[in-house]
Amino acid sequence: PSLRRQVLALQEQAWPSDPPTPDDQTDPVHDPALCPMSLLVVEGTTVVAALDVLTKSIEHAGLMFRASGLSTVVTDAALRGKGHGFTLVTAAREYIASTSVDVGLFTCDPPLLTFYTRCGWEHLPNCVLIGGTPDDPFPSDALGKVTVGG
């Protein structure tokens with residue numbers, strides 16, 4: 001519970017929300033169907049960086065694939081530039097490569113592309129991911145995102 005509270009505080013630092021409700025401390029951040037796996041960098045008892053790896057099956061050209069990607073990548077603002085994010089994102093890429101998934105894919109804002117490529121991910125130009133739901137899909141390029149993979 002202490003680690004979870006710290007991760008939620010880091011996420012709130014990066015993506016401030018409306019005043020939190022008591023449920024915010026217990027509700028999952030991601031759909032459990034995406035098999036979220038949290039990876040953390042902890043110094044002593046303090047979480048300094050965190051991310052979630054999400055995994056799902058996708059269909060492409062009539063074939064099924066298992067894909068994993070990164071979400072909610074965050075480093076404590078006061079500790080940025082010390083290599084924590086690099087360590088974490090590199091470890092996440094290695095973790096995904098060690099699993100039975102077929103591909104690692106996610107999107108990021110264009111200014112973050114250099115960071116992710118330094119961590120071993122590859123820019124996938126002209127690759128658009130479709131998020132949302134079947135009733136309300138949204139293409140990543142419409143949100144100004146770029147796709148990386150590995």
Side-chain angles (χ1 to χ4, degrees), residues 3-4 6-18 20 23-24 26-43 47-150:
L3 295 176
R4 177 164 173 73
Q6 291 181 61
V7 169
L8 291 172
L10 287 179
Q11 292 171 347
E12 185 65 24
Q13 185 185 90
W15 306 285
S17 63
D18 294 329
D23 290 340
D24 290 342
T26 57
D27 288 348
V29 173
H30 299 291
D31 181 346
L34 298 174
C35 308
M37 168 68 74
S38 296
L39 302 180
L40 314 174
V41 174
V42 180
E43 287 189 344
V47 177
V48 298
L51 62 75
D52 292 323
V53 175
L54 307 178
T55 303
K56 69 181 288 183
S57 294
I58 57 173
E59 182 178 345
H60 178 71
L63 300 172
M64 293 300 293
F65 299 92
R66 293 283 292 160
S68 288
L70 307 186
S71 182
T72 59
V73 179
V74 62
T75 299
D76 186 321
L79 299 172
R80 290 186 185 149
K82 298 182 182 291
H84 301 303
F86 177 85
T87 297
L88 185 62
V89 170
T90 300
R93 182 184 49 75
E94 292 167 357
Y95 165 75
I96 290 170
S98 76
T99 67
S100 61
V101 301
D102 298 298
V103 65
L105 289 171
F106 64 97
T107 62
C108 68
D109 293 325
L112 296 173
L113 182 59
T114 300
F115 167 74
Y116 287 111
T117 56
R118 278 194 350 223
C119 296
W121 294 90
E122 296 178 43
H123 179 217
L124 303 175
N126 303 315
C127 179
V128 176
L129 300 184
I130 307 296
T133 65
D135 294 332
D136 190 20
F138 56 86
S140 58
D141 61 343
L143 301 172
K145 305 289 184 181
V146 294
T147 303
V148 294

Hits for ring-ring contact (aromatic ring centres under 6.0 Å, His included) against Tyr116, two or more places apart or cross-chain, chain-then-number order -> Phe106

When rounded to the nearest 0.5 angstrom, what is the spacing between CZ in Phe115 and SG in Cys108? 10.0 Å

To check you understand the geometry: which heavy-atom pair defines the closest contact between Pro32 and Pro36, and what is its length? O-CD, 3.8 Å

Can you see which heavy atom on Gln6 is nearest to which on Val47, and at what distance? OE1-N, 2.7 Å

Residue list, side-chain contact (heavy atoms from CB on, under 4.5 Å) with Ser100, at least two apart or on another chain: none

side-chain contact (heavy atoms from CB on, under 4.5 Å), paired with Cys119, selected from Thr114, Leu88, Val89: Val89

Which residues pass the side-chain contact (heavy atoms from CB on, under 4.5 Å) test with Ile58, sequence neighbours left out? Lys56, Phe65, Ala67

Please name the pair of heavy atoms, one in Ser38 and one in Asp52, separated by the smallest distance, quoted to 0.1 Å. OG-OD1, 2.5 Å

Write out all pairs satisfying ring pair (Phe, Tyr, Trp, His ring centres under 6.0 Å) with one or both partners inside residues 66-94, taking only residues at least two apart or from two chains. none

Residue pair Leu70 / Ile96, side-chain heavy-atom distance below 4.5 Å: yes

Could you tell me if the side chain of Asp102 sits less than 4.5 Å from the side chain of His60, heavy atoms only? no

If you look only at distance, which donor and acceptor atoms sit under 3.5 Å apart when one is on a side chain in residues 138-145 and the other is two or more places apart or in another chain?
from, atom 1, to, atom 2, distance (Å)
Ser140, OG, Leu129, N, 3.0
Ser140, OG, Leu129, O, 3.4
Lys145, NZ, Asp109, OD1, 2.5

Which residue pairs pass the salt bridge (charged side-chain N to carboxylate O under 4.0 Å, His left out) test when at least one of the two sits in residues 83-96, sequence neighbours left out? none

Sequence neighbours left out, cut at 3.5 Å: what donor-acceptor pairs do the side chains of residues 74-81 make with other protein atoms?
from, atom 1, to, atom 2, distance (Å)
Asp76, OD1, Ala78, N, 2.9
Arg80, NE, Thr75, O, 3.1
Arg80, NH2, Thr75, O, 3.1

Sorted by chain and number, sequence neighbours left out, side-chain hydrogen bond (donor to acceptor under 3.5 Å, both in side chains) with Thr147 holds for none

So how far is it from Leu54 CG to Cys35 SG, rounded to the nearest 0.5 Å? 9.0 Å

Within the structure provided, determine whether Glu12 and Leu8 are in side-chain contact (heavy-atom separation under 4.5 Å). no

Where at least one partner belongs to residues 58-69, residue pairs that pass salt bridge (charged side-chain N to carboxylate O under 4.0 Å, His left out), sequence neighbours excluded: none

Output all residues satisfying side-chain hydrogen bond (donor to acceptor under 3.5 Å, both in side chains) with Thr90, sequence neighbours left out; order by chain, then residue number. none

Indicate yes or no: at least one non-hydrogen side-chain atom of Val48 is less than 4.5 angstrom from one of Lys82. no

Under a 4.5 Å cut-off applied to non-hydrogen side-chain atoms, are Leu105 and Leu124 in contact? yes

